[in-house]
Amino acid sequence: MHTYAIVDFETTGLSPKVGDCATEIGIVLVRDGQIVDRYQGLMNGGVRLSPFIKRYTGITNAMIQKARPLTTVMAEACAFAGTYPLVAHNASFDRKFWDDGLGKIGQRRSQEFLCSVRLSRRVFSNLPDHRLGTMVKSLKLPMSGQFHRALADAEATAHLFIRIQAEIKARLQLADVTHKHLLAVQKQKIGTF
DNA sequence: TGCCAGGCCCTCTTTAGGGCCTT
């Protein structure tokens, strides 16, 4: 069985290196082409949100103030994802906040990230762009909840990831799509992608 | 809204520049 943990963060900005902080995390477990479990957590990292971020995510300072500490939520999220390979839409972004959050609880990431943007560019190269909203609309993926909230975006990314796996399986006529296949497609090393 | 960052990718490239994508 192949299980992946699809991760999405909402944050105060683009980089923890300049003081930005995670505000919410959503994780969806995908096993053999099916969503099998979900995790969502608002977290209080002791920061205030800019007006732009409040509008962008719908998350408010009041919601953050009521939320549990960032370290508590990150510890739960880390346990939930376990050692499954992680997947995110633009993984370089979520990886920074995942690693930063783990650092705050004295842990280090043991697994690698796959990037659904890079995979989408290989597999669905005909689309005008590869933003998550465009992928959902173009591929008619299920979308429950509000864009730019962590669990809704993680679920959308999970459906995209399932579609990517199915597309690779069909085009390469594989009995099974392994992690190695996904890495090879991401690096453009196999197939006609 | 777009700036802040940064990895990836493409090309009018590789002694570089700029767009994409995430909040």
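What you see is a predicted model, and the numbers here were worked out from it, not measured in a lab. Every chain is numbered from 1 and lettered A, B, ... according to where its sequence line falls, protein lines coming before strand lines.
- Toward the 5′ end of DNA chain B lies the nearest nucleotide of Asp20(A), the other residue of the pair Asp20(A) and Glu10(A) mapping further downstream.
- In this structure, Asp8(A) reaches the sugar-phosphate backbone alone: every heavy-atom distance under 4.0 Å involves primed, P, OP1 or OP2 atoms, never a base.
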Sequence neighbours left out, cut at 3.5 Å: what donor-acceptor pairs do the side chains of residues 61-72 of chain A make with other protein atoms?
residue, atom, partner, partner atom, Å
Asn61(A), OD1, Leu49(A), N, 2.8
Arg68(A), NH1, Glu76(A), OE2, 2.7
Arg68(A), NH2, Glu76(A), OE1, 3.0

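- Nucleic acid contact for Phe52(A): base, since at least one base atom lies under 4.0 Å from a heavy atom of the residue.
- In the 5' to 3' direction, nucleotides of DNA chain B lying under 4.0 Å from heavy atoms of chain A begin and end at dT1(B) to dT23(B).
- Taking atom C1' on both dG2(B) and dT15(B), the two are 32 Å apart, rounded to the nearest angstrom.
- Rounded to a whole angstrom, the distance from the P atom of dG7(B) to that of dC12(B) is 25 Å.
- dC8(B) and dT13(B): their C1' atoms are spaced 15 Å apart (whole Å).
- Across all strands, Asp129(A) comes closer than 4.0 Å only to sugar-phosphate atoms, never to a base (heavy-atom distances).
- Across all strands shown, Ser92(A) has heavy atoms under 4.0 Å from base atoms, whether or not it also approaches the sugar-phosphate.
- The gap from the P atom of dT11(B) to that of dT23(B) amounts to 26 Å, rounded to the nearest Å.
- dC9(B) and dT14(B) are spaced 14 Å apart, taking the C1' atom of each and rounding to whole Å.
- A distance of about 24 Å separates the P atoms of dT1(B) and dG6(B), rounded to the whole Å.
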Side chains of residues 157-165 of chain A: which donor-acceptor pairs under 3.5 Å do they make with residues two or more places apart or in other chains?
residue, atom, partner, partner atom, Å
Thr157(A), OG1, Asp153(A), O, 2.8
Arg163(A), NH1, Leu139(A), O, 3.4
Arg163(A), NH2, Leu139(A), O, 3.1

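- Within the nucleic acid shown, Thr23(A) has no heavy atom closer than 4.0 Å to any nucleic acid atom.
- dG18(B) and dC3(B) are spaced 14 Å apart, taking the P atom of each and rounding to whole Å.
- A donor-acceptor contact closer than 3.5 angstrom is absent between the side chains of His148(A) and Thr57(A).
- For Phe9(A), there are no ring pair (Phe, Tyr, Trp, His ring centres under 6.0 Å) partners at least two apart in sequence or on another chain.
- Under the side chain to side chain contact (heavy atoms under 4.5 Å, CB included) criterion, Arg108(A) pairs with no residue, sequence neighbours left out.
- Between Asp100(A) and Lys104(A) there is a salt bridge, since at least one side-chain N of the basic residue sits less than 4.0 Å from a carboxylate O of the acidic one.
- Residue whose closest nucleotide on DNA chain B sits further toward the 5' end, between Gly13(A) and Val18(A): Val18(A).
- Not a single ring pair (Phe, Tyr, Trp, His ring centres under 6.0 Å) links His2(A) to another residue, sequence neighbours left out.
- Within 4.0 Å of Arg55(A), counting heavy atoms only, lies at least one base atom of the nucleic acid.
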